[in-house]
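What follows is a set of notes on a single structure, which appears directly below.
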Protein chains: 2
Amino acid sequence: MVRERKGCLVPPRKPDATILDVARTAGVSAATVSRVLNGSGPVSPSARGRVEEAVERLRYMPNASAKSLRHLKTSTLAVIVSDILVSYYAEIVKGIENTAGALRYKILICDAQNQREKEADYMTLAMDRTVDGIILIAPMLGDAELAAYADRGYALGLIGRRIDHPAIPCVYTDNVGAATEAVAHLIGQGHEQIAFLSGFADATDSYERLEGYMKALRQASLPFRPELIDSGGFSESGGYEAFLRLRERSQSFTAVFAANDEMALGIYRACAELGIPIPAGMAVVGVDNNRVGKYVAPALSTIDPPKHAMGALLAEKLIDQLGEGRHAATRCFEVSSRLLVRGSSASGLT
Amino acid sequence: MVRERKGCLVPPRKPDATILDVARTAGVSAATVSRVLNGSGPVSPSARGRVEEAVERLRYMPNASAKSLRHLKTSTLAVIVSDILVSYYAEIVKGIENTAGALRYKILICDAQNQREKEADYMTLAMDRTVDGIILIAPMLGDAELAAYADRGYALGLIGRRIDHPAIPCVYTDNVGAATEAVAHLIGQGHEQIAFLSGFADATDSYERLEGYMKALRQASLPFRPELIDSGGFSESGGYEAFLRLRERSQSFTAVFAANDEMALGIYRACAELGIPIPAGMAVVGVDNNRVGKYVAPALSTIDPPKHAMGALLAEKLIDQLGEGRHAATRCFEVSSRLLVRGSSASGLT
DNA sequence: TTGTACGCGTTATCAA
DNA sequence: TTGATAACGCGTACAA
């Protein structure tokens with residue numbers, strides 16, 4: 001599959017020009033060059049001119065590592081995601097990157113590959129000051145661990161999770177409310193036996209959505225049936241298998257609320273194989289508004305969180321906090337998502 | 001939409017322990033601490049023990065900026081993509097991140113938002129030595145500019161594009177061959193008038209795929225009809241609009257080869273609105289194997305490049321080159337993609 | 001208005 | 001086996 005084309009030699013890299021090189025070329029001291037570049041002090045027009053010319057000629061650019069060491073800050077944030085391939089994370093990352101970029105911050109991307117261990121490893125990026133702060137999206141680490149990092153003085157921010165720690169800004173959605181709305185919608189469509197597909201049992205997103213599910217049942221005076229609950233690990237294949245297990249246990253439910261769209265897509269696959277029509281034979285609602293959901297037939301009803309905005313908002317808050325130093329105000333924000341009713345849960349729609 | 005929860009105060013950050021703190025605590029010099037940590041010299045067992053204990057107690061971690069300054073390298077690569085939301089880029093980034101991580105390199109993600117200007121801006125990351133090298137995926141910058149950067153001593157790597165420069169490793173696919181195969185497949189299905197949807201006219205991917213398109217026509221002795229060519233900027237909406245323009249100019253073509261899957265999805269939307277059945281009324285083949293293509297009905301035929309492997313391979317080569325210093329061997333690799341025939345171009349398939 | 005001197009934290013060199 | 005010292009490149013008191 002791979003064909004090699006040619007081999008060649010890399011020329012030796014010539015050292016970059018330093019501020020001293022510029023100073024010598026311009027016939028001034030390094031301090032003057034620094035003042036010109038940072039506008040940090042008075043400089044005579046003639047000196048400024050010579051410095052600018054020298055900078056131009058030598059293509060001088062201040063070394064980022066030296067600046068970082070000097071200021072003890074790197075203007076870089078790390079973003080830890082479970083899987084950058086999932087559009088949910090990618091979209092949040094994009095929101096973060098856009099805002100951070102506007103504030104002259106860089107973003108280190110960290111793909112934890114759904115492994116708690118890797119997620120923990122990436123925290124060293126804060127400890128060795130590779131980054132000024134870390135943004136975690138739906139982290140697997142527990143509240144206690146996260147709080148411990150913050151207590152040790154590392155700047156953290158959370159997306160899709162709330163934690164009560166004064167130094168940790170959070171942006172999250174009203175999972176319970178949105179899930180309640182989604183399930184109430186299914187009930188409104190006439191469904192009385194509705195299954196729930198959880199992700200990982202210990203994930204906040206899982207149990208808050210379960211809570212909303214149960215709340216909607218209660219409000220409609222429908223019984224809670226434990227046999228209609230299963231877990232699919234937030235993945236397509238997990239959703240597929242969980243749905244098959246559900247069907248083995250019960251043939252009587254007519255709708256499923258999946259804790260994310262990936263699992264909902266697995267349900268689609270299972271239904272296709274079992275010859276169950278959606279929504280006539282099985283109504284489906286997911287969460288995340290994964291891009292794929294718009295293209296499946298019928299289109300997938302889902303809960304749509306403002307992913308890009310969530311990323312942008314948290315990035316802004318975390319960077320604010322870094323800038324304000326000792327006593328920045330930190331906040332937690334609840335953003336609201338909306339239910340997108342599409343063909344998978346309502347006849348008459350595509 | 002956004003509700004503020006609470007404000008609070010950030011405690012002052014206490015300074016990190018430095019190597020000198022550790023040295024004092026252990027009753028040795030900084031040099032000895034360094035030797036213990038890096039295994040870079042002989043250390044007596046007793047000294048080693050005291051140092052390790054001090055490191056533990058102070059939770060010492062060497063400052064990354066200081067290391068970078070000392071070594072004049074950051075162990076970081078930048079990856080510039082047009083749009084991290086497009087699964088093609090996300091998958092390559094994942095391949096890069098995985099491999100780079102294994103080699104102890106970090107990845108700075110740069111979303112150029114399809115703007116040539118932003119892409120050029122990100123090149124400063126190499127110039128100010130924020131990163132040791134830059135990986136560009138299907139860049140908008142021209143060969144001359146890229147070569148100029150490399151000539152100035154910046155380490156670059158290219159994915160999805162070939163350039164003849166001794167210092168720039170490249171990983172790319174046989175666009176012409178794959179496109180030829182795709183169009184030949186359509187011809188094999190009985191299509192004689194086949195449209196081609198280009199991305200940006202000046203993108204390598206566009207014209208190489210056009211070349212393959214024309215080659216397949218030639219090989220089948222079919223005439224080339226300029227009115228069957230249009231451009232959709234590689235986006236879904238662009239594909240949608242371009243397809244409508246094509247149909248205005250000609251009603252007689254029965255198949256389209258789109259230079260990427262995003263545009264192919266736009267064609268799906270246009271066909272749905274026009275009531276044209278796929279593949280019976282219009283066969284469609286795309287490029288990239290976008291994840292969505294598997295879920296649309298009918299499934300989208302596409303050319304499948306080994307995205308993850310491409311990212312991993314280039315990351316490895318570029319990092320190799322950085323490590324070997326003056327005279328690393330650099331290479332260009334052509335990887336082969338395969339044609340996935342699915343329902344959009346062959347009856348009898350889903 | 002300018003230059004000198006020092007420190008940010010680390011590591012390599014050298015002498016002991 | 002160890003420690004003092006000198007960079008890496010920058011910015012900033014402070015002195016001139």
Side-chain angles (χ1 to χ4, degrees), chain A residues 13-52 54-55 58-76 124-132, chain B residues 13-52 54-55 58-76 124 126-132 325:
Chain A
R13 170 180 142 189
K14 73 164 180 288
D16 298 323
T18 73
I19 198 171
L20 267 180
D21 297 324
V22 176
R24 273 190 289 270
T25 306
V28 298
S29 74
T32 300
V33 177
S34 178
R35 280 188 283 258
V36 170
L37 263 42
N38 302 307
S40 51
V43 181
S44 72
S46 103
R48 156 165 290 117
R50 296 201 313 277
V51 167
E52 281 167 351
V55 164
L58 300 178
R59 284 180 156 140
Y60 169 72
M61 196 150 268
N63 180 287
S65 300
K67 279 183 117 97
S68 295
L69 178 57
R70 182 65 239 253
H71 300 309
L72 299 182
K73 72 169 260 187
T74 60
S75 294
T76 304
T124 60
L125 292 172
M127 304 197 260
D128 72 9
R129 301 294 171 191
T130 294
V131 300
D132 297 334
Chain B
R13 171 179 141 188
K14 73 163 179 286
D16 299 324
T18 73
I19 199 171
L20 269 178
D21 298 323
V22 176
R24 273 190 290 271
T25 306
V28 297
S29 75
T32 299
V33 177
S34 178
R35 279 188 285 259
V36 170
L37 262 42
N38 301 308
S40 51
V43 181
S44 71
S46 104
R48 157 166 289 116
R50 295 196 320 274
V51 167
E52 281 167 351
V55 164
L58 300 179
R59 285 183 156 139
Y60 169 71
M61 196 150 267
N63 180 287
S65 300
K67 279 183 119 100
S68 294
L69 178 57
R70 184 63 238 247
H71 294 122
L72 298 182
K73 72 169 260 187
T74 59
S75 293
T76 305
T124 60
M127 304 196 260
D128 70 11
R129 299 296 171 190
T130 294
V131 301
D132 298 334

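These numbers were taken from a predicted model, which means no experiment stands behind them. Letters A, B, ... mirror the listed sequences (proteins, then strands); counts begin at 1.
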Applying a 4.0 Å non-hydrogen cut-off, can you work out what A:L69 is touching in the nucleic acid: base, sugar-phosphate, or nothing? base

Report the nucleotide, chosen from D:dA4, C:dT10, C:dC8, that has the shortest atom-to-atom distance to any side-chain atom of B:S29. D:dA4

Starting at CZ of A:R50 and ending at P of C:dT2, how long is that distance when rounded to a whole Å? 8 Å

Tell me the interatomic distance from A:L20, atom CG, to C:dG3, atom P, rounded to whole angstroms. 12 Å

So, under a plain 3.5 Å distance rule, would you say the side chain of B:R35 forms a donor-acceptor pair with the base of D:dG3? yes

Between C:dT2, D:dG3, C:dC8, which nucleotide has the shortest distance from any of its atoms to the side chain of A:V43? C:dT2

Quick check on D:dG11: is either OP1 or OP2 less than 4.0 Å from any side-chain nitrogen or oxygen of A:S34? yes

Please work out if B:A47 contacts a base, only the sugar-phosphate, or nothing of the nucleic acid, heavy-atom cut-off 4.0 Å. sugar-phosphate

Between C:dC8 (C1') and A:N63 (CG): distance, integer Å: 13 Å

B:S44 side chain N/O closer than 4.0 Å to the phosphate oxygens (OP1, OP2) of D:dT2? yes

Look at all strands and tell whether B:P42 reaches a base, only sugar-phosphate, or nothing, counting heavy atoms closer than 4.0 Å. base

Which part of the nucleic acid, if any, lies within reach of A:T32 when heavy atoms closer than 4.0 Å are counted: base, sugar-phosphate only, or nothing? sugar-phosphate

If the cut-off is 4.0 Å, is A:K67 near the phosphate of D:dG11, judged by side-chain N/O to OP1 or OP2? yes

Side-chain donor-acceptor contact under 3.5 Å, A:D128 with A:T124: no

Can you see if the side chain of A:T18 gets near the phosphate of D:dG9 - specifically, an N or O under 4.0 Å from OP1 or OP2? no

Going by the rule side chain to side chain contact (heavy atoms under 4.5 Å, CB included), which residues pair with A:D16 if we only count those two or more places apart in sequence or in a different chain? A:R13, B:R129

Between B:A31 and B:H71, which is nearer to the 5' end of DNA chain D once each is assigned its nearest nucleotide? B:A31

Among D:dC10, C:dT4, D:dG9, the one nearest A:I19 by side-chain distance: D:dC10

Side-chain touch A:V28/A:V33, heavy atoms, less than 4.5 angstrom: yes

Residue closer to the 5' end of DNA chain D, A:N38 versus B:P45 (nearest nucleotide): B:P45

